[in-house]
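First comes the structure, then the notes that go with it.
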Amino acid sequence: MADLFPAPRPLSQAGPGEASSSEALASRLVEAGRQGRPLRVKLGIDPTGSDIHLGHSILFRKLRAFQDAGHTAVLIIGDFTARIGDPTGKSATRVQLTAEVVAANARTYLAQLGQGQPKELSLLDFETPGRLEVRRNSEWLAGLDLPQTIELLGISTVGQMLAKEDFANRYGSGTPISLHEFLYPLLQGYDSVAIAADLELGGTDQKFNVAMGRDLQRHFGQRPQFGMLLPILPGLDGVLKMSKSLGNTVGLQEDPLSMYSKLEKVPDGVVAEYLTLLTDLDLASLPENPRERQRAMALEITRQRHGAGAALAAQADAASLVGGAQGAGAAAAEVPVASLADVNFPAKAFYLLSAVGICASSSEARRQIQGGGVKLDGDKLADPNQEFATAAELDGKVLQLGKKTFRRLVAAAPAVPGAPLQGAQP
RNA sequence: GGGUCGGUGCCCGAGUGGUUAAUGGGGGCGGACUGUAAAUCCGCUGGCUCUGCCUACGUUGGUUCAAAUCCAACCCGGCCCA
């Protein structure tokens, strides 16, 4: 049982309501075992974006551990709450999403978690009967009427809401807070009531929300859930938390090369955290050299998602990409093709770059050429006004921007129009 | 509803009548360098087949030879009062 909780952060002094402690959790586990009743472990996720990233996977790994121990994971797709937006960690009101967008996101989430795959390969166990319930909170939230909503609102106070750090900061700094944002903690707390949760998993930033769930359960005559708050994964920058909106994420569904090369360059300071939170590797058994540690970490995490073969291939590709940047080597076949069909000749160099889509605008192209960042078949282009008379003289040549961006020019229309580059921006 | 302050480029934030797409920071892109696509240093950062021409400082009008800068109305937000 100890293995289940390598780093539990039990809810303590959680504002309103009593605290839960790890002893109390342990006793409830024992009690559940005696009764032969699995615990209902809640994890809520709002389908606000289309990607699940490594930061989320800490929670899912823990949820999976509960499944493997015989408990019931209750995964709540916050299709209703997503439309409000969790104010946690936000400095501004979220844009409200439409029902269609939320529904589409929800579908991709389940696929990313491994729905339909054997449990050995998936993040959650979708196979074993009784180990997983997937619920959408619109089931019970969409039908709330005004009297019920008012009852919910009566359970908390403005003071309690403003005690929440994010609200306090925004209120203090004069950033607007819409009233509906106060509803978010209450609604997601009501989820705990609706599914009769014994335990809720969340990041440490979810303390307020988890505590709110306890209050609501008590109000509705249920035994309050325990909160297990797990560490927040730092993002690729090594400072801020991993978050889609900060652009410092690694998505679970990213291709092996992209995943490996992002992980390989995280700051040394967070490598140990990644190893601890995302892998089962033993820190002591790893090499001392920080560079090798990074590589081992990147390899292992890539392996978890894509298998050992793909991970090793990604490692090799990453090395060759950095090393021989000429494109003539290993990655030559992967260079995206750009058609010259829509380019009007004669074409000046800066116009060519924008017409082919390698630069966002012709002005940017001009600057890049002047900055010395553009090469044609390995030769640096010096003059943005250099003119090319016909498509034929460019056919088959490779245009390069910086170290990472390549386009093979083709006179005829290509079969695949400009696929995004490896390492391109999200 | 009243009073008051404010809305500037991807983001934050200077600028309060006049050479110039508009200080600075962040982010991004490029260059050099390196154990890494890290760190550091340097350059660039509105658009246009561009030696010039467009479009820009919440919106729409107005004053002026000239406005992001002055005036009016409107929209949006903060604070105080109700």
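Chain naming here is simple, since letters A, B, ... match the order of the sequence lines and numbering starts at 1 in each.
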Only pairs with both distances under 3.5 Å count, Watson-Crick or wobble alike; so what is the partner of [N] in this structure?
| N | value |
| --- | --- |
| B:U40 | B:A32 |
| B:C79 | B:G3 |
| B:G46 | B:C54 |
| B:A73 | B:U59 |

* Residue-phosphate contact under 4.0 Å: A:Arg366 side-chain N/O, B:G46 OP1/OP2 ->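 The answer is no; no side-chain N or O of A:Arg366 sits under 4.0 Å from OP1 or OP2.
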* According to a strict under-4.0 Å criterion, is A:Ser362 in side-chain N/O contact with OP1 or OP2 of B:C48? -> yes
* To do: Check if the side chain of A:Ser361 and the base of B:C48 share a donor-acceptor pair of N or O atoms closer than 3.5 Å.
  => no
* **Donor/acceptor link under 3.5 angstrom from A:Arg291 side chain onto base of B:U36** => yes
* Asked: Atom CD of A:Glu364 to atom P of B:C50: distance rounded to whole Å?
  ->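 Answer to the nearest Å: 18 Å.
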* Structure fact -> Whether each nucleotide of nucleotides 76-82 of chain B has a protein heavy atom under 4.0 Å at its base (B), only at its sugar-phosphate (S) or at neither (-) is summarised, 5' to 3', as -SSS---
* Among A:Leu43, A:Leu110, A:Val134, A:Leu113, which one satisfies side-chain contact (heavy atoms from CB on, under 4.5 Å) with A:Leu124? ->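 Result for side-chain contact (heavy atoms from CB on, under 4.5 Å) with A:Leu124: A:Leu113.
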* Have a look at A:Asp268 and say if it touches a base, only the backbone sugar-phosphate, or nothing, with a 4.0 Å heavy-atom cut-off. => base
* To do: Flag yes if more than 12 heavy atoms outside A:Asp342 fall under 6.0 Å of its CG atom; otherwise flag no.
  => no
